[in-house]
Amino acid sequence: MLELENNSVEQHDTTEEHQAQTLKTLSSLVCGQEYSSQAELRTVYHAITGEAIYQVSSHGISTKAIVDYAKKQGAAIATWTFHQRANALKQVAQYLLERKEHYYELAKATGCTRKDVWIDVEGGIGTLFAYSSLVRRELSDETALVEDAWIPLSKHGNFGAKHILTSKAGVALHIDAFNFPIWGMLEKIAPTLLAGVPCIVKPATEGAELTHAVVKDILASGFLPAGSLQLICGQIYDLIEHLNPQDTVTFTGSAATGQSLRANPHLNQYSIPFCMEADSVNSAILTEHANDETIDLFVREVFREMTTKAGQKCTAIRRAFVPAALLETVQTRLVAKLQKVVVGDPEIEGVTMGALASVKQKFSVAEKVEQLSEDAKIVLGGHLRQDFEIQAKNPEKGAFYPPTLLVCEQPTEAKHIHEVEAFGPVSTLMPYQNLAELADLVARGEGSLVASVVRNVDENIEALITKIAPWHGRVHILDAESAKESTGHGSPLPYLVHGGPGRAGGGEELGGLRAVKHYMQRTALQGSPNAMTQVGHSWTAGAQVFEDRVHPFKKDFDELRVGERLLTARRTVTEADIVNFACLSGDHFYAHMDKIAAADSLFGDRVAHGYFIVSAAAGLFVDAAAGPVIANYGMDNLRFVEPVKIGDTIQVELTCKQKTPKPQRDPEQKPHGVVVWDIKVKNQRNELVATYDILTLVERAA
Ligand code: NAP
């Protein structure tokens, strides 16, 4: 049994803590147990009613035991294959989806509308599904990821290399912000677990109740190995000091906290990667010649980003740049929309925007608006006190803040506007005179997560994009053509990178398989083709082959061996073949059919169609009788290397390159797997004329 309490820390009680004892204390879920303390409690309040709802404390917890538990027990995830991890993640996602209403209920305390919660709950669970299917689709069922086919490094082909990625023998510590307590955690643990690395999650104390509920459910589901996911509610104390070079830290939150954590000498000493996502002063740009429809699109996008989740999104638009001549028009339309927003308790019908996460956040936003107003005029909102209408029983108790629009007439002289992130329903409109000035203004944000460029469909924005892209992790181009289907400015997607340079933290998350690779070590592996074949179980040209009297298409998936080879009969290509294929396919290209033009061509003579070679090769290697091969479902990496002329004789080498078992979707379906075959078509001089991979579905043994 692991010792959960750190005996070196003395426990103590205070009067305030005694008073708070009737409140629920959120436990940490660590070392296979629940841990909580009554010392150094922090209380969290309901965003709408202001009532105390829970408290947290991890005082006295043994952070060393947590790290050790992850590395001893949780490391079992590294022994699972990619597909096992992905299947487990899919089961977890289904399990959470069945319990989502519980999360919606808890989220009421965070001040969100149901639509806001959808981003966190369904967005988070959707990210698990997306990552699970991406890995099942793109990666083979192995524990190591092989990146290259073969990098030849020698004359005779006996020495070469591949890059491989293996799970780091460590743990990932994920420190999350308060604004997306579910999505923020799931989008980080999905790639980590798929990489075969256990996680320790530290949610922001505000919102931790939601993270706690989800982690508790994940652990209860039993789909993941013990120790692969732990949760610390409260502080992490000296946990970072127990990390080593195989570990990773990610952080989402304020720049001040992120920078101080990143400066930890222990991280520096052991070169522990620290991926940070912090305050980002994101932009939206209305292009110079925007027409009426484009202006409306722009206004709608800025409005949506200001009001969704009451503007508490790391991607929300903080700076809205418009051509000077359109400033008044945009301001009028945006103010008209914002004036219709009904702020209050989302439980009350008609409320369209909820509260901030806490009263502390309300004061923080008010303070930031104060700073912004040194550079800009507040044209709407900005009231800290209750002099705007709030639909709630006790408006003075809640963390309500009105939609607030500022206008900065001289953005080139402003400072705070480009640097301060007011994390609420706050945005600043500002004019620009020309493209050069616009690019300069955008760059003053010193690096952001995302920018939107809203343009007329026929406007060329290439120059603008190349100027602003280096300052952003994502650029969203919006116009009338994409508007209906656009996922919007503010939505990070599993397949696209999320992060940004400079002020935005310099980190990168998501981006499909890129995120999985962040938790793996890339190693350049050099050696012989046989040595390379052993790692990743993918046959490498030049490695040992096995020949058998039984045709490989007669063998089921389990019987086949990687490296199993068939050398076919030969076939001499005739003029009749070329003419027949031209008539059959309708491809009468001169290189095949016009003796005179072909004589002047690169080939100097008529050549066979490349697709005829591929078809003829299939004719040579296929075993026609019914058997375990169910279907041919694709072809990869096709290259025609040498031309085949009339009278040339071709022969095919078919080699079993890789085998990937597939999960059986329903009991009716025959169990099967994917077999990748290496195909090499050679001529009578043993020269390679075509090379490619074919993919077949092959039945498994009964
Ligand atoms: P924060 O105070 O920086 O906290 C972020 C996370 O760090 C929380 O989990 C917090 O835990 C933890 N933390 C704080 N001090 C720590 C320490 N010394 N060691 C280890 N962990 C520590 O940020 P926040 O309260 O979540 O948000 C504050 C501001 O961050 C917002 O107003 C906004 O400006 C910015 N923000 C930016 C993004 C973004 O992605 N760009 C997202 C969210 C927020 P506790 O909660 O327990 O203190």
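All heavy atoms count here, side chains included; hydrogens, waters and symmetry mates do not. All values reported here derive from a predicted model rather than from experimental measurement. Counting convention: from 1, in listed order, for ligands and their atoms alike.
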Engineer: Show the atoms of ligand 1 that are less than 4.0 angstrom away from any heavy atom in Glu421.
Structural biologist: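 Selected atoms, number and element: 33 (C), 34 (O), 35 (C), 37 (C).
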Engineer: Of the protein's non-hydrogen atoms, which lies at the shortest distance from atom 8 (C) of ligand 1, and what is that distance?
Structural biologist: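 I find the closest protein heavy atom is Asp176 O, 3.2 Å.
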Engineer: Does a donor on one side chain and an acceptor on the other come within less than 3.5 Å for Glu122 and Tyr103?
Structural biologist: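 On atom types as modelled, these side chains do not qualify, holding no pair under 3.5 Å.
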Engineer: Show me which atoms of ligand 1 lie under 4.0 Å from any heavy atom of Phe251.
Structural biologist: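 Those of ligand 1 that fall under 4.0 Å from Phe251 are 3 (O), 5 (C), 6 (C), 7 (O).
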Engineer: Does only the side chain of Thr252 get under 4.0 Å from ligand 1, or the backbone, or both, or neither? Count heavy atoms.
Structural biologist: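 The answer is both, backbone and side chain.
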Engineer: Among all protein heavy atoms in this structure, tell me which lies nearest to atom 37 (C) of ligand 1, with the distance rounded to 0.1 Å.
Structural biologist: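 Sorting protein heavy atoms by distance from atom 37 (C) of ligand 1 puts Gly253 O, 3.3 Å first.
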Engineer: Can you confirm, on distance only, whether ligand 1 has an N/O atom lying under 3.5 Å from any N/O atom belonging to Lys368?
Structural biologist: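 Checking ligand 1 against Lys368, no N or O pair falls under 3.5 Å apart.
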Engineer: Between the side chains of Thr252 and Lys188, does any donor sit under 3.5 Å from an acceptor?
Structural biologist: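 Indeed, the side chains of Thr252 and Lys188 share at least one donor-acceptor pair under 3.5 Å.
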Engineer: Do you know which of Ile61, Val249, Ile200, Leu173 makes side-chain contact (heavy atoms from CB on, under 4.5 Å) with Ile236?
Structural biologist: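 By the side-chain contact (heavy atoms from CB on, under 4.5 Å) criterion, Ile236 pairs with just one of Ile61, Val249, Ile200, Leu173: Leu173.
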Engineer: Going by side chain to side chain donor-acceptor pair (under 3.5 Å), Ser283 matches just one of Arg319, His489, Arg318. Which one?
Structural biologist: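 Among Arg319, His489, Arg318, the one that satisfies the side chain to side chain donor-acceptor pair (under 3.5 Å) with Ser283 is Arg319.
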Engineer: Note the single closest protein heavy atom to atom 14 (C) of ligand 1, along with its residue, its atom name and the distance in Å.
Structural biologist: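 Result: Thr257 CG2, 3.4 Å.
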Engineer: Of all the atoms in ligand 1, which lie at a distance below 4.0 Å from a heavy atom belonging to Pro203?
Structural biologist: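 Those atoms are 9 (O).
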Engineer: Please list, in number order, the atoms of ligand 1 under 4.0 Å from a heavy atom of Asn179.
Structural biologist: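 Those atoms are 42 (C), 43 (C).
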Engineer: For atom 23 (O) of ligand 1, what's the nearest protein heavy atom and its distance?
Structural biologist: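 For atom 23 (O) of ligand 1, the nearest protein heavy atom comes out as Ser254 N, 3.4 Å.
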Engineer: Is Gln361 close enough to touch ligand 1? Criterion: a residue heavy atom under 4.0 Å from a ligand atom.
Structural biologist: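 Judged by the 4.0 Å heavy-atom criterion, Gln361 does count as contacting ligand 1.
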Engineer: Is Gln312 in contact with ligand 1, taking contact as a heavy-atom separation below 4.0 Å?
Structural biologist: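 Contact check Gln312 vs ligand 1: negative.
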Engineer: Tell me which part of Ser364 gets within contact of ligand 1: side chain, backbone, both or neither, using heavy atoms under 4.0 Å.
Structural biologist: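 Neither part.
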Engineer: Check Ala278 against ligand 1 and report side chain, backbone, both or neither, counting heavy atoms closer than 4.0 Å.
Structural biologist: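 Backbone only; the side chain of Ala278 stays clear of ligand 1.
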Engineer: What's the shortest distance from atom 44 (C) of ligand 1 to any protein heavy atom, and which residue and atom give it?
Structural biologist: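 Checked against all protein heavy atoms, atom 44 (C) of ligand 1 sits closest to Phe423 CZ, 3.6 Å.
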Engineer: If we count only N and O atoms by modelled type, under 3.5 Å, do the side chains of Ser452 and Glu301 hold a donor and an acceptor together?
Structural biologist: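 No - no donor-acceptor pair under 3.5 Å links their side chains.
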Engineer: Run Phe178 and Gln312 through side-chain contact (heavy atoms from CB on, under 4.5 Å) and show every step you take.
Structural biologist: CA-CA 9 Å; Phe178 68 86; Gln312 300 170 106; 3.4 Å; yes
Engineer: Go through it in stages, so that I can follow the logic: the residues are Glu421 and Arg503, the test is salt bridge (Lys or Arg N to Asp or Glu O under 4.0 Å), and I'd like the CA-CA distance, side-chain angles, deciding distance and then a yes or no.
Structural biologist: CA-CA 10 Å; Glu421 182 192 34; Arg503 188 184 306 284; over 6 Å; no
Engineer: Return the orientation label for the His498 and Trp183 ring planes: parallel under 30°, perpendicular over 60°, tilted otherwise.
Structural biologist: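 Aromatic pair His498/Trp183 classed perpendicular.
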Engineer: Which bit of Asp279 gets closer than 4.0 Å to ligand 1, counting heavy atoms only: side chain, backbone, both or neither?
Structural biologist: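 Both of them.
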Engineer: Check each of Gln235, Glu277, Lys202 against atom 45 (P) of ligand 1 and report the one with the nearest heavy atom.
Structural biologist: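 Looking at heavy atoms only, Lys202 sits closest to atom 45 (P) of ligand 1.
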Engineer: Ligand 1 versus Thr205, non-hydrogen atoms closer than 4.0 Å: side chain, backbone, both, neither?
Structural biologist: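 Near ligand 1, Thr205 shows its backbone as well as its side chain.
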Engineer: Does the pair Lys309/Asp120 count as a salt bridge with the N-to-O cut at 4.0 Å?
Structural biologist: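 Looking at Lys309 and Asp120, the cut-off is not met.
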Engineer: Tell me which protein heavy atom sits closest to atom 43 (C) of ligand 1, plus the residue, atom name and distance to 0.1 Å.
Structural biologist: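 Protein heavy atom at minimum distance: Ala177 CB, 3.2 Å.
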Engineer: Under a 3.5 Å distance rule, please check whether Ser448 uses its side chain to pair with a backbone N or O of Val281 as donor and acceptor.
Structural biologist: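 Such a contact is found between Ser448 side chain and Val281 backbone.
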Engineer: Are any side-chain N or O atoms of Tyr35 and backbone N or O atoms of His59, one a donor and one an acceptor, separated by less than 3.5 Å?
Structural biologist: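 Side chain of Tyr35 to backbone of His59, a donor-acceptor pair under 3.5 Å: yes, one is there.
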Engineer: Measure Phe178 to ligand 1 on non-hydrogen atoms and call it side chain, backbone, both or neither using the 4.0 Å cut-off.
Structural biologist: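 The answer is both.
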Engineer: Got a salt bridge between Lys415 and Glu374, using NZ or NE/NH1/NH2 to carboxylate O under 4.0 Å?
Structural biologist: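 No salt bridge links Lys415 with Glu374.
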Engineer: Within a strict 4.5 Å, meaning less than it, do heavy atoms of the Leu41 and Leu23 side chains meet?
Structural biologist: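 No, too far: nothing below the 4.5 Å cut-off.
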Engineer: May I ask you to check if Lys397 and Tyr45 form a cation-pi contact, with NZ or CZ under 6.0 angstrom from the six-membered ring centre and within 45° of the axis?
Structural biologist: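 No, Lys397 does not lie over the aromatic ring of Tyr45.
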Engineer: What is the nearest protein non-hydrogen atom to atom 18 (N) of ligand 1, stated with its residue, atom name and distance?
Structural biologist: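 Nearest protein contact, heavy atoms only, for atom 18 (N) of ligand 1 is Leu261 CD2, 4.3 Å.
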Engineer: Return the residue, atom name and 0.1 Å-rounded distance of the protein heavy atom closest to atom 38 (C) of ligand 1.
Structural biologist: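 The answer is Cys314 CB, 3.7 Å.
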Engineer: Give the atoms of ligand 1, by number and element, whose distance to some non-hydrogen atom of Ile236 is under 4.0 Å.
Structural biologist: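 This gives 20 (C) as the contact atoms.
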